[in-house]
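Counting starts at 1 for both ligands and their atoms, in listed order.
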Amino acid sequence: MAERIRNFDWSRTPIGPIVEWPEALTVLVNNLLGTRLPMILMWGAELTHLYNDAVIPILDAARHPAALGERGEVVWREAWPISGPQIEAALHGEACWNEDQHVPIYRDGQLQDTWFTYSYSPARDAEGAIQGVLISFLDTSSRVGAARALQLERQRLLAAFQQAPAFFALLKGPEHVFELVNPMYLRLIGGRDVAGKPIGKALPEIVEQGYVDLLDRVFSTGEPFVGQGLRFTLEETDGLPREERYVDFVYQPLREADGSVSGILVFGVDLTHRIHSDTALKEQRDRFEFATDAAQIGYWFCDLPFDQLSWDVRVKEHFWLPPDAKVDIRLFYELLHPEDRERTREAIETSIARHTAYDIEYRSMAPDGRCKWIHAFGRTAYDADGGPLRFDGVTQDITQLKQTQGARQRAEEALIRAEKLALVGRLAATISHEINNPLESVTNLLYLLEQEATGDAAKMYCQTAQAELARVSHIVTHTLRFNRQGNVAGEESLSELLDSALAIYEARLRHSGITLRRDYRDAPRVCCFGAELRQVFANLIGNAFDATRGPGSLVLRTRRQNHGRTAEPGVRITIADTGHGIPPATKARLFEPFFTTKGDSGTGLGLWVSREILNKHHASIRLHSCTQPGRSGTVFSIWIPQASAGDPSAPAA
Ligand code: ADP
Ligand code: MG
């Protein structure tokens with residue numbers, strides 16, 4: 001620059017040629033050129049611009065060397081709004097000092113952020129008059145810029161931390177004092193006030209949970225710590241509730257320029273929600289599995305239309321299949337009890353077609369014929385257009401339930417039967433008792449009347465009345481009181497019992513036009529409750545009469561006959577009529593109590609009571625009937641074991 005200044009044509013400037021410069025100016029310029037600090041001198045009326053070598057890099061190629069001898073205002077046009085007033089002040093004797101002043105200037109053709117530390121001092125002539133301004137300065141842009149960038153970076157980081165879906169806290173010093181926490185961290189600690197406090201004081205409960213030891217270790221070793229799925233608890237305090245948290249986090253040591261650890265960054269995510277929902281899910285699944293285990297429920301899934309079926313182990317178990325068995329719809333139907341296949345198919349089709357629940361009980365059959373009762377419950381999932389997508393559901397083994405239900409039902413039925421029988425028995429006993437008393441009176445009165453009667457005709461009427469009355473009392477005692485208490489077993493001839501039953505119908509037989517044939521052969525005496533069997537025979541004979549309108553025949557037959565299977569000795573009794581016969585629908589209900597086709601004249605109890613009595617004798621009853629006109633008729637056939645009411649060799653009670 002000394003060279004340039006010497007060779008410059010200063011005569012074109014207000015300060016004139018060098019030879020004419022005042023001594024003060026020459027001295028100043030020499031000083032300026034002799035220093036390494038960037039210095040500028042603006043001198044004279046137009047503040048003519050002079051500078052040293054150190055200024056060249058700041059001016060850059062666009063301005064240097066044109067800046068020499070130029071007006072200061074022109075050289076520093078872009079900075080003039082800031083420096084102009086200060087230069088003006090210096091011209092009035094007021095020196096100024098600026099540190100890291102932000103003065104953007106053009107560099108590489110662009111206005112750039114630049115910072116300068118500079119001083120403006122008045123430059124005086126020999127007389128002390130201010131002729132210009134001496135400027136010394138330092139470009140501090142790189143330092144200030146870096147610091148600014150760092151600060152900006154920090155701010156951005158801070159903003160990111162504040163908004164982060166993660167928690168962070170800055171702990172300073174060996175005491176781990178909270179310097180900074182973000183909102184997520186505050187949320188993590190349930191809003192406890194920690195700012196400016198050492199962590200051990202702010203959250204005392206975490207000391208014994210080991211977290212402060214961890215921080216101490218990170219601080220002393222400078223090694224980061226990574227924790228995963230760790231739990232910590234904050235105790236209830238100042239109206240803040242107890243908090244239990246699960247976290248993934250990092251303790252990251254923060255180092256100073258010299259490498260020493262000055263603090264710890266705590267950074268992590270709160271997993272509490274997720275762990276809770278995971279736990280809830282697991283609990284739910286556990287409960288579900290427990291319930292299904294307890295109830296022995298199996299699941300099945302299948303995509304529609306039916307192809308492969310997905311069955312879990314238990315459904316396979318319900319169908320007698322091993323756990324690794326492959327299942328399709330064909331196999332499913334095959335494994336069903338043949339009687340249940342069609343209605344199951346219908347139930348599935350109906351459920352899918354009508355959008356209703358599939359709810360059915362069927363039997364699954366093992367190859368050896370054993371069956372399980374299964375309750376299946378399912379439903380169909382449909383697409384948006386209502387097209388069936390999936391058919392899923394559950395199965396439950398209800399075999400045991402069915403068995404206990406069946407047993408209970410049978411027990412109930414037996415109870416009802418016994419009750420009814422007892423009721424009928426009591427009713428009959430009451431009736432016979434009520435009838436007996438007046439019957440006895442009438443018998444006695446008839447006897448007295450006979451004694452008093454004078455005419456033969458009168459005497460004969462009395463005797464006939466007495467005979468009829470005797471039959472009535474016979475019926476009352478032997479028929480109605482079949483269930484009377486104190487009924488004892490004894491050796492009886494079934495043929496005789498048949499005859500005595502027939503006696504009840506003597507009059508009817510006489511007027512009916514029915515031919516009677518008795519075919520008693522070879523029948524042994526049987527240990528039985530005679531009165532009760534007589535009741536059975538009377539019922540059957542009565543029914544035969546009822547069924548036979550007009551002429552017909554009635555056959556009573558007894559035969560010695562051993563049991564077909566056990567060869568147990570016994571007697572077969574046959575009662576056959578040529579009546580109208582029994583149509584199949586009636587046949588099915590014959591032995592039901594109160595079932596009668598005779599309207600008001602029937603009780604519907606005859607066959608029902610008969611079967612009860614026969615059961616008691618371990619006897620069996622069966623029938624054949626034909627309703628075809630011309631050859632209609634009914635045959636009741638009874639087989640009674642010889643020792644039907646106990647050991648025949650034992651003395652009758
Ligand atoms: P009831 O005689 O009071 O009707 P039963 O139990 O004795 O009651 O008989 C029930 C039904 O069985 C009768 O109503 C009748 O329809 C039918 N029945 C029983 N025995 C015969 C028979 N020998 N011939 C035709 N029908 C009969
Ligand atoms: Mg009857």
Side-chain angles (χ1 to χ4, degrees), residues 413 416-425 427-428 431-432 474-476 478-483 497-498 500-509 511-519 531-558 572-617 619-639:
E413 279 166 9
I416 290 168
R417 247 194 339 258
E419 251 171 34
K420 279 183 179 164
L421 196 62
L423 187 76
V424 173
L427 202 68
I431 292 168
S432 74
H474 180 94
I475 293 168
V476 167
H478 291 102
T479 308
L480 285 176
R481 297 182 67 187
F482 67 92
N483 205 31
L497 286 177
L498 275 170
S500 75
L502 203 55
I504 303 166
Y505 301 98
E506 212 180 273
R508 252 184 108 173
L509 186 61
H511 298 113
S512 64
I514 290 173
T515 323
L516 173 71
R517 190 157 66 84
R518 285 179 299 174
D519 179 9
E532 292 184 15
L533 283 185
R534 188 190 297 114
Q535 168 70 16
V536 173
F537 300 150
N539 283 333
L540 293 175
I541 294 166
N543 284 345
F545 276 114
D546 290 341
T548 317
R549 303 273 135 74
S553 63
L554 173 66
V555 179
L556 305 180
R557 188 164 63 194
T558 57
R572 182 162 295 285
I573 302 113
T574 311
I575 298 167
D577 65 60
T578 56
H580 52 61
I582 306 170
T586 305
K587 200 168 166 182
R589 306 190 53 194
L590 227 49
F591 292 94
E592 281 180 20
F594 306 112
F595 174 78
T596 179
T597 56
K598 298 169 192 168
D600 282 347
S601 64
T603 62
L605 290 172
L607 285 175
W608 174 66
V609 168
S610 297
R611 196 167 59 174
E612 294 299 324
I613 294 169
L614 292 172
N615 283 346
K616 189 168 151 185
H617 285 86
S620 59
I621 180 166
R622 57 177 198 230
L623 69 130
H624 292 285
S625 190
C626 176
T627 51
Q628 210 174 305
R631 43 179 294 225
S632 67
T634 304
V635 181
F636 276 92
S637 171
I638 294 167
W639 182 85

Below the 3.5 angstrom mark, is there an N/O of [X], backbone or side chain, next to an N/O of ligand 1?
{"X": "Phe636", "answer": "no"}
{"X": "Lys598", "answer": "yes"}
{"X": "Asp546", "answer": "no"}
{"X": "Thr586", "answer": "no"}
{"X": "Ile582", "answer": "no"}
{"X": "His580", "answer": "no"}

Got the closest protein heavy atom to [atom], with its distance?
{"atom": "atom 24 (N) of ligand 1", "answer": "Ala547 CB, 3.2 Å"}
{"atom": "atom 6 (O) of ligand 1", "answer": "Leu607 N, 2.9 Å"}
{"atom": "atom 10 (C) of ligand 1", "answer": "Phe595 O, 3.4 Å"}
{"atom": "atom 19 (C) of ligand 1", "answer": "Asn543 ND2, 3.5 Å"}
{"atom": "atom 4 (O) of ligand 1", "answer": "Thr596 OG1, 2.6 Å"}
{"atom": "atom 14 (O) of ligand 1", "answer": "Thr597 N, 2.8 Å"}

Thr515 and Ser553: side-chain donor and acceptor closer than 3.5 Å?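 Checked: Thr515/Ser553 side chains show no N/O donor-acceptor pair below 3.5 Å.
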Do Asn539 and Ser610 pair up side chain to side chain, a donor and an acceptor below 3.5 Å, judged on atom types alone?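 On atom types as modelled, these side chains qualify, holding a pair under 3.5 Å.
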Taking the Mg ion (ligand 2) as the center, what protein N, O or S atoms are found at less than 2.8 Å? Asn543 OD1
Over all heavy atoms of both residues, which pair between [X] and [Y] is shortest? Give the atoms and the distance, please.
{"X": "Gly550", "Y": "Ile514", "answer": "O-CG1, 4.1 Å"}
{"X": "Ile541", "Y": "Leu498", "answer": "CD1-O, 4.1 Å"}
{"X": "Tyr505", "Y": "Ala538", "answer": "OH-O, 2.8 Å"}

Atom pairs and distances, side-chain donor-acceptor, residues 586-598, under 3.5 Å, sequence neighbours left out:
residue	atom	partner	partner atom	Å
Arg589	NE	Glu592	OE1	3.1
Arg589	NE	Glu592	OE2	3.4
Arg589	NH2	Glu592	OE1	3.0
Thr596	OG1	Lys598	N	2.9
Lys598	NZ	Asn543	OD1	2.9
Lys598	NZ	Asp546	OD2	2.8

Across all chains, not counting sequence neighbours, the side chain to side chain donor-acceptor pair (under 3.5 Å) partners of Thr627 are none
Once side chain to side chain donor-acceptor pair (under 3.5 Å) is applied, do any residues pair with Ser500, and if so which ones, sequence neighbours excluded? Arg534
Please classify the [X] to ligand 1 contact at 4.0 Å (heavy-atom distances, strictly less than): side chain, backbone, both or neither.
{"X": "Phe591", "value": "neither"}
{"X": "Asp577", "value": "side chain"}
{"X": "Thr634", "value": "side chain"}

Is the backbone of Pro629 close enough, under 3.5 Å, to the side chain of Ser632 for a donor and an acceptor to pair up by distance?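 No, because the side chain of Ser632 does not come within donor-acceptor range (under 3.5 Å) of the backbone of Pro629.
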Quick check against the 3.5 Å criterion: does Thr578 have a side-chain atom that pairs as donor or acceptor with the backbone of Leu554?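 Between the backbone of Leu554 and the side chain of Thr578 there is no qualifying donor-acceptor contact (under 3.5 Å).
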Measuring from the heavy atoms of Leu590, does anything fall under 4.0 Å of ligand 1? yes
Check if Gly604 has a non-hydrogen atom at a distance under 4.0 Å from any atom of ligand 1.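 A heavy atom of Gly604 does come that close to ligand 1.
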Of Thr574, Ile573, Leu516, the one forming a side-chain contact (heavy atoms from CB on, under 4.5 Å) with Leu556 is Leu516
Apply the test side-chain contact (heavy atoms from CB on, under 4.5 Å) to residues Phe636 and Asp577: give CA-CA distance (whole Å), side-chain angles for both, the deciding distance (0.1 Å), then the verdict. CA-CA 9 Å; Phe636 276 92; Asp577 65 60; 5.7 Å; no
Rounded distance (nearest 0.5 Å) linking atom NE2 of His580 with atom SG of Cys626: 13.0 Å
Under the criterion side-chain contact (heavy atoms from CB on, under 4.5 Å), I'd like the reasoning laid out for His617 against Glu532: C-alpha separation, chi angles, the key distance, then a yes or no. CA-CA 10 Å; His617 285 86; Glu532 292 184 15; 4.2 Å; yes
